[in-house]
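Input: a single structure, listed below in structure tokens.
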Amino acid sequence: MLTQHNAFDAMQARLRVAAELYGLEDALFKVFIQPKRSMIVSLPVHMDDGHWEVFTGYRIQHNVARGPAKGGIRFDPGVTYDEISAGAAWNTWKTAVVDVPFGGGKGGIICDPSAMSQGELERLTRRYTAEVMDVIGPDRDVPGIDMGTNAQTMAWVLDTYNMHARVHANAVVTGKPVGLGGSLGRAEATGRGVLISAREAMQRLGKPLAGATLAIQGFGNVGNQSARLLHEAGARMVAVSDQRGAIRNDRGIDVHALLKYHSETRTVVGFKGAEPMDPAELLTMAVDILVPAATDNQITEHNAAKVRAKVVVEGANGPTSPEADPILLSNGVLVVPDILANAGGVTVSYFEWVQNRNGYYWREREVNERLVEYMTHAFQAVFATTDKYKTNPRIGAYILALDRVSLAMHYRGFYA
Ligand code: GLU
């Protein structure tokens, strides 16, 4: 069933390397190599034209030793069981790397949200929530936003869950609208985590972020928030791409003008302040910082040797294949791995959950300051582990996570 380069294979490949180097005991390895619980649901939805469509949805929990499962719900035509399993496992490692008290989960529905009306999306989301009702909850598994879902989707999940449970538990999901218990700063949190990671990585190379050149692959939520924040911190974005194409300007792209253009046209293509370029070339440009923020499996054995960026900050999940890791390492490219670089989102999701449970809300400045604290702490811990085990930062991050999750598993013991 597994194909050669799927995301779950890529996760398992890193887990194997990290487990070996760390000396993980066999029993725990066997537990971590697969999800703890998977739910597959069939979702009949009444479409606007009167016919019924039946969608397939997943909710997968990889590990819950350190706390309730946590992870986004993805709406995308390319969703597969393996992709969602990989996402659940990555969230186990991510929440452990930033040291928030959650396990790893992920959900998804095979659908094309861009081709559906708001009414259809609402009915689909509510039916999904009703079906996974028994496995989610503030103390069980807390969904959040991901590709193809947004604050409105989370509001529908919250309402459906609460209607069925006869409670008001807004900690059941994160990424909610701010007027419904959402946290200030959540919308830009992943981008802010990318900014913090980039700054720390440059500091490790003894270089300032101000004036550094930057290329970003992908201009969805993560790509465009990263572009804005890095630009405001003084980096010079010289290239950016989206699903329709790529643009470059060696003197620097005016990011605020681009954001305005993008909000009107939904693409970066055709922006006047830059020239069109081949999107494949963006990944191999000689820049200080490359942020792959599109999708998985972009830097592979085919192009890794050509990557000339000094630092790669992985905004997307799984953008680098396992075969590319040693190539980047031997070429001296400093990679800030996904399970650290894009963990800003899940960190502020944790802050949202904490605020919901306290019924006491923080100012945006407090959210951002705490995020800096969590992310820089995680960054230092990952690099200390990397140095200790003389490995690359990705395996360093996995080892740090394995250490923390194993510790929790040991305290709890196996219940058999
Ligand atoms: N979309 C991110 C993920 O699943 C974060 C989700 C969340 O905030 O729970 O990794």
Side-chain angles (χ1 to χ4, degrees), residues 7-8 10-11 35 58-64 66-76 79 83-98 100-109 113 132 136-138 140-151 153-155 157-158 170-178 181-194 197 218 220-223 225-226 293-296 314-319 337-356 367 371 374-375 378 397 401:
F8 196 61
M11 189 292 295
Y58 305 98
R59 187 70 199 173
I60 299 181
Q61 297 161 357
H62 175 260
N63 187 280
V64 293
R66 288 168 43 89
K70 183 80 194 87
I73 307 173
R74 172 168 291 203
F75 284 7
D76 188 73
V79 161
E83 180 196 42
I84 302 302
S85 303
W90 281 327
N91 281 332
T92 299
W93 313 133
K94 233 183 260 189
T95 51
V97 163
V98 287
V100 298
F102 282 138
K106 190 100 181 182
I109 300 177
V132 300
I136 66 168
R140 289 194 181 128
D141 180 353
V142 184
I145 40 176
D146 201 82
M147 233 162 79
T149 57
N150 55 33
T153 324
M154 298 303 114
V157 175
L158 176 151
N170 52 8
V172 65
V173 275
T174 63
K176 298 177 290 290
V178 170
S183 178
L184 292 168
R186 175 62 187 88
E188 62 173 48
T190 311
R192 196 166 279 283
V194 167
S197 301
N221 178 46
V222 179
Q225 296 292 352
S226 303
T295 181
D296 68 334
E314 295 184 339
N317 286 322
D338 48 6
I339 57 172
L340 169 62
N342 69 36
V346 86
T347 304
V348 176
S349 279
Y350 163 62
F351 297 162
E352 183 171 324
W353 181 81
V354 168
Q355 293 171 76
N356 292 154
V367 172
L371 178 60
Y374 271 74
M375 289 292 298

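In each ligand, atom 1 is the first atom listed, and ligand 1 is the first ligand listed.
- Nearest to atom 9 (O) of ligand 1 among the protein's heavy atoms is Lys70 NZ, 2.6 Å.
- Where the criterion is an N or O separation shorter than 3.5 Å, residue side chain and backbone included, Val142 fails it with respect to ligand 1.
- Close approach of ligand 1 to Lys94 (heavy-atom distance below 4.0 Å) involves ligand atoms 10 (O).
- Between Asp141 and Lys70 there is no salt bridge, since no side-chain N of the basic residue sits under 4.0 Å from a carboxylate O of the acidic one.
- In this structure a side-chain-to-backbone donor-acceptor pair under 3.5 Å is present from Gln355 to Phe351.
- Near Asp146, with a cut-off below 4.0 Å to any heavy atom, the atoms of ligand 1 are 1 (N), 2 (C), 3 (C), 4 (O).
- Listed by number with element, the atoms of ligand 1 under 4.0 Å from a non-hydrogen atom of Ser349 are 7 (C), 8 (O), 9 (O).
- Looking only at distances, a side-chain donor or acceptor of Glu314 sits under 3.5 Å from a matching main-chain atom of Asp338.
- Using a 3.5 Å distance cut-off with no hydrogens or angles, the side chains of Asn317 and Asp296 do not pair a donor with an acceptor.
- If you number the atoms of ligand 1 from 1 as listed, the ones under 4.0 Å from a heavy atom of Asn91 come out as 3 (C), 4 (O), 10 (O).
- Residues Lys106 and Asp146 are paired through a salt bridge, judged by an N-O separation under 4.0 Å between the basic side chain and the carboxylate.
- The ligand atoms of ligand 1 that sit less than 4.0 angstrom from a heavy atom of Lys106 are 3 (C), 4 (O), 10 (O).
- Between the Thr92 side chain and the Gly103 main chain, no donor and acceptor come within less than 3.5 Å of each other.
- Close approach of ligand 1 to Gly72 (heavy-atom distance below 4.0 Å) involves ligand atoms 3 (C), 4 (O), 6 (C), 9 (O).
- Although no hydrogens or angles enter the test, the distance criterion places a donor-acceptor pair under 3.5 Å between the side chain of Thr95 and the main chain of Asn91.
- Close to ligand 1: Gly71, with a non-hydrogen atom less than 4.0 angstrom away.
- For ligand 1, the polar-atom distance check finds no N/O of Val346 at less than 3.5 Å from any of the ligand's N/O atoms.
- Between the Arg66 side chain and the Val100 main chain, a donor and an acceptor come within less than 3.5 Å of each other.
- Using a 4.0 Å heavy-atom cutoff, Arg186 is listed among the residues neighbouring ligand 1.
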